[in-house]
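See structure below.
Just follow the structure's listing: the first ligand is 1, and inside any ligand the first atom is 1. Any value given below was found using the heavy atoms of this structure, including those in side chains, with hydrogens, waters and symmetry copies removed.
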Amino acid sequence: MDKDAYKALKETLLSQKKHGYDLVQAAELPEMEAYCRTYMTFLDAGKTERLCAAEAVRLAEEAGYRPYTRGMDVKSGDKLYLCNRGKSVLLAHIGEKSLAEGAQITAAHIDSPRLDLKPNPLYEDSELAFFKTHYYGGIRKYQWVTIPLELRGVVALKDGTSVCVNIGEDEGDPRLVITDLLPHLGQEQAKKPLASAIPGETLNLLLGSRPIGGEEESGRVKLAVMQLLHEKYGITEDDLTSAELEAVPAVKACEIGLDRSMIGAYGHDDRVCAYAALRALLDLAKTPEKTAVCVLADKEEIGSDGVTGMQSAAFDTFMEDLCDAQGVPVRACFEQSFCLSADVTAAYDPDYAEVYEKRNAALLNYGIGLCKYTGARGKSGASDADAETVAYVRRLFDDAGVIWQIAELGKVDAGGGGTVAMYMANRNITTLDAGVPVLSMHAPFEIVSKLDCYETYKGMKAVYQAEM
Ligand code: MN
Ligand code: MN
């Protein structure tokens, strides 16, 4: 066989996995940079699910979306949204075709791992005041000590009003922190496995050290802290019982690397896909063929349960209301629908090569990562998309010039994971997982590549614009 024939045969028959920067059009790069800048702004505005939902609503209204209420007309071209209890957002751009032809859905989540305050959080020990926390989602506890944290969230009062708490966002604000042992006294701790070296009950936020009142009094630092909280927010210690206050990293999104090719931030999981799904919907230039639906869900990190999670009937109710307005049974809509479950995946990390299977690992800068299945111990807990669905998305992405790769989350039996895909698939909606590869996932500061962010945005657009 001559050299040219060999080369042609190889190119025809063997997979050509190409680096994203060898595929991306130079003309697209400025657009990619601009997209990533707006994404970074979105991240800084939405450090909790509530803040993220509020920012999504703000952007949607700016793009002409109107709040949906049951009984409204639902006709082609309508742009509607529904915010579920301030923590999850459902949006729909009603398509040319009837909902009987199905919807093109993307579903991402806007909650991220963090430290929630306990219902009785405030205490004083050894003349230092602290808040007790209970971590939310799969964190590696040792990563959350000795880093600056902010406190964000709401305190709901008995009179039905609520107070927004924001300590740490403004430049002049103080920060909170969780302490750790000094190495000099940490020898026994250092012998422990990572998972047990920092017990959950030591994740206490340091709040203050300066007492008020006379020296004969006790609990003076705690009272001083409560006095400050009362001055700023008008709340008492009892009000903290009906609060959702979250300690999140006090760090803004920034470019990473000398080449500025990456973004470091708190909460890429899964706001990086949520923003792509939202932005792509808001950017649709014309009414899509099928109704385009974007779901920004809460509670994914703790199993998608609860009224604002993907297992909640809130999604079915929204879809059923839209379908009712067109005289379509929602079950008929679901069986014709497609959902891209948009959640991050693990990016291959050469420092920890042993947990990845390199042929089936998502690589940074190779585009949006498709996952046919997630799960653990033999795909358990995965919706495991069928071959036809993967073929459908291959065609969709290739036709739209989306740079993509397909991967698994780590080696067989190295661990595993899951997301909202199975809850969509269980509703009789054809579903495939896809998302941005992330380094240091679930850490207080996670890394993604700009190229992958932008290709994910293009992927979401391709889903909404699909004609079949
Ligand atoms: Mn996720
Ligand atoms: Mn996660």
Notebook entry, point to check: Taking the inter-plane angle between the rings of Y39 and Y35 on a 0 to 90° scale, is it parallel (under 30°), tilted (30 to 60°) or perpendicular (over 60°)?
Noted result: parallel

Checklist line | Any N, O or S atom of D343 closer than 2.8 Å to the Mn ion (ligand 2) | finding: no

Notebook entry, point to check: Is it true that Y392 and F338 have ring centroids separated by less than 6.0 Å?
Noted result: yes

Next item on the list: Please confirm if an N, O or S atom belonging to H109, backbone or side chain, lies less than 2.8 Å from the Mn ion (ligand 2).
Entry: no

Checklist line | Interatomic distance, F131 atom CZ to L176 atom CG [nearest 0.5 angstrom] | finding: 8.0 Å

Notebook entry, point to check: Taking the Mn ion (ligand 2) as the vertex, how big is the angle to OE2 in E301 and NE2 in H442, rounded to 10°?
Noted result: 100°

Item checked: Short N/O/S contact of D269 with the Mn ion (ligand 2) (below 2.8 Å) -> yes

Next item on the list: To the nearest 0.5 Å, tell me how far E61 CD sits from K79 NZ.
Entry: 13.0 Å

